[in-house]
Protein chains: 2
Amino acid sequence: MRFMSSAADQDRVAGMLKGAGLRPTRQRMALGALLFGGGDRHLTAEMLHLEAIQSRIPVSLATVYNTLRQFTEAGLLREVAIEGSKTYFDTNISDHHHFYFERDGVLMDIEHDGVSLLSLPKPPDGMEISRVDVLVRLVAKNPNETR
Amino acid sequence: MRFMSSAADQDRVAGMLKGAGLRPTRQRMALGALLFGGGDRHLTAEMLHLEAIQSRIPVSLATVYNTLRQFTEAGLLREVAIEGSKTYFDTNISDHHHFYFERDGVLMDIEHDGVSLLSLPKPPDGMEISRVDVLVRLVAKNPNETR
DNA sequence: CTGTGTGCAAACTCTTTGCATAAGT
DNA sequence: ACTTATGCAAAGAGTTTGCACACAG
């Protein structure tokens, strides 16, 4: 159950924060527990704020934004490139790609083994590749369309 | 020279607009000439607005936004997924991918032959792939780093 | 104690919208 | 003429920031 952060979770989150040079404050610990307590997650600031409130963790939206930013700069999170206004953060920092459900704006990691391998193009002149993002956009097959 | 739209350009743009069910008004013709007059382009609403003003085409930023939106819905443009606030539009509608220069926020098409081929993962349950976006992020090789 | 973190509200940026005027067919 | 597009300014969404108070070490 995600709303209950175990002692082990707490220690782990505290360690992550310390390692990143961030003081383990109430809010950061609580948000860290939500973020890193379960599997890989993809959320926006608003989603996380809502979860925090529902988990009875009093935290302001501004602090959620600031915290997500700090975590990202510390390398604990990764921003996902989606067009549109909202910024998504991914708790999975490893090199991986995403499915994107266009209808409901949900992101999902692509399994690392089912992974898309690609032959990269050569970067121009004095440039080098820092990262490759792959977004596989999904739409529902029309269920009415029996064919 | 891009600022001079030839008669041929005008006819072509007019045709594109009509084909999309959009009336060929001054502003749409002018913006269309800027967008589709040269090679493939990647711009934000602000960039296009600036260009229009510089080309002595009086058009409001709101109209630029509306026009870009309409063109996109008509299939004349394509939105590019970049994280962050600004929305980029691409005049190249074909299936292709992008280099992204992180330092200056510039987009560039990846040549279709140098193209990155990838073995796609199988989409979940009742889903099907609508499009795959690949963004290759580039940073400058450190010139000081002689090694 | 001393300094960093947090909350709140205000500021900011990018984008969309409402309404009166102008332009297209 | 009749309808659709445009311009302007105001409204909206998402995100950031400044400052006083609270908390961690």
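Please read all numbers here as calculations on a predicted model, not as lab measurements. Convention: sequence-line order gives letters A, B, ...; per-chain numbering from 1.
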Any [X] side-chain nitrogen or oxygen under 4.0 Å from OP1 or OP2 of [N]:
X       : N      : result
B:Ser85 : D:dG14 : no
B:Arg26 : C:dG24 : yes
B:Thr25 : D:dT4  : no
A:Tyr65 : D:dT16 : no
B:Gln27 : D:dG7  : yes

Check your understanding: Any Lys/Arg nitrogen of B:Glu83 or A:Arg78 sitting under 4.0 Å from an Asp/Glu carboxylate oxygen of the other?
Key -> no
Exercise for review: For A:Thr44, answer base if it contacts any base atom (sugar-phosphate contacts may also be present), sugar-phosphate if it contacts only those atoms, and nothing otherwise; contact means non-hydrogen atoms under 4.0 Å.
Suggested key: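 Contact class for A:Thr44: none.
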Review point. Would A:Ser130 and B:Glu102 count as having a side-chain donor-acceptor pair, cut-off 3.5 Å?
Key: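 Distance-only check passes for A:Ser130 and B:Glu102.
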Exercise for review: Please check if any side-chain donor atom of B:Asp109 sits under 3.5 Å from a side-chain acceptor atom of B:His98, or the reverse.
Suggested key: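 There is such a pair between these side chains.
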Quickly work out the [X] [atom1] to [N] [atom2] distance and round it to whole Å.
X       : N      : atom1 : atom2 : value
A:Leu17 : D:dA24 : CG    : P     : 13 Å
A:Leu50 : D:dG14 : CG    : C1'   : 16 Å
A:Glu83 : D:dA13 : CD    : C1'   : 16 Å
B:Leu68 : C:dC14 : CG    : C1'   : 13 Å
A:Gln70 : D:dT15 : CD    : P     : 16 Å
B:Asn66 : C:dC14 : CG    : P     : 17 Å
A:Ile82 : D:dG14 : CD1   : P     : 15 Å
A:Met29 : C:dT6  : CE    : C1'   : 17 Å

Practice item. Could you say whether A:Leu61 or B:Arg69 is positioned toward the 5' end of DNA chain C, judged by the nucleotide with the nearest heavy atom to each? Key: A:Leu61
Check your understanding: Closer to the 5' end of DNA chain D via nearest nucleotide, is it B:Ala62 or B:Leu22?
Key ->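 The 5'-side residue here is B:Leu22.
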Review point. Of B:Thr63, B:Asn66, B:Leu22, which is the lone residue that meets side chain to side chain contact (heavy atoms under 4.5 Å, CB included) with B:Arg28?
Key: B:Leu22
Which nucleotide, [options], lies nearest any side-chain atom of [X]?
X       : options               : result
A:Arg28 : D:dT15, C:dT6, C:dC14 : C:dT6
B:Ser60 : D:dG7, D:dT16, C:dT15 : D:dG7
B:Arg23 : D:dT6, C:dC14, C:dA23 : C:dA23

Review point. Does the pair B:Leu50 and B:Glu46 meet the rule for a side-chain contact (heavy atoms from CB on, under 4.5 Å), with working shown?
Key: CA-CA 6 Å; B:Leu50 180 64; B:Glu46 284 203 345; over 6 Å; no
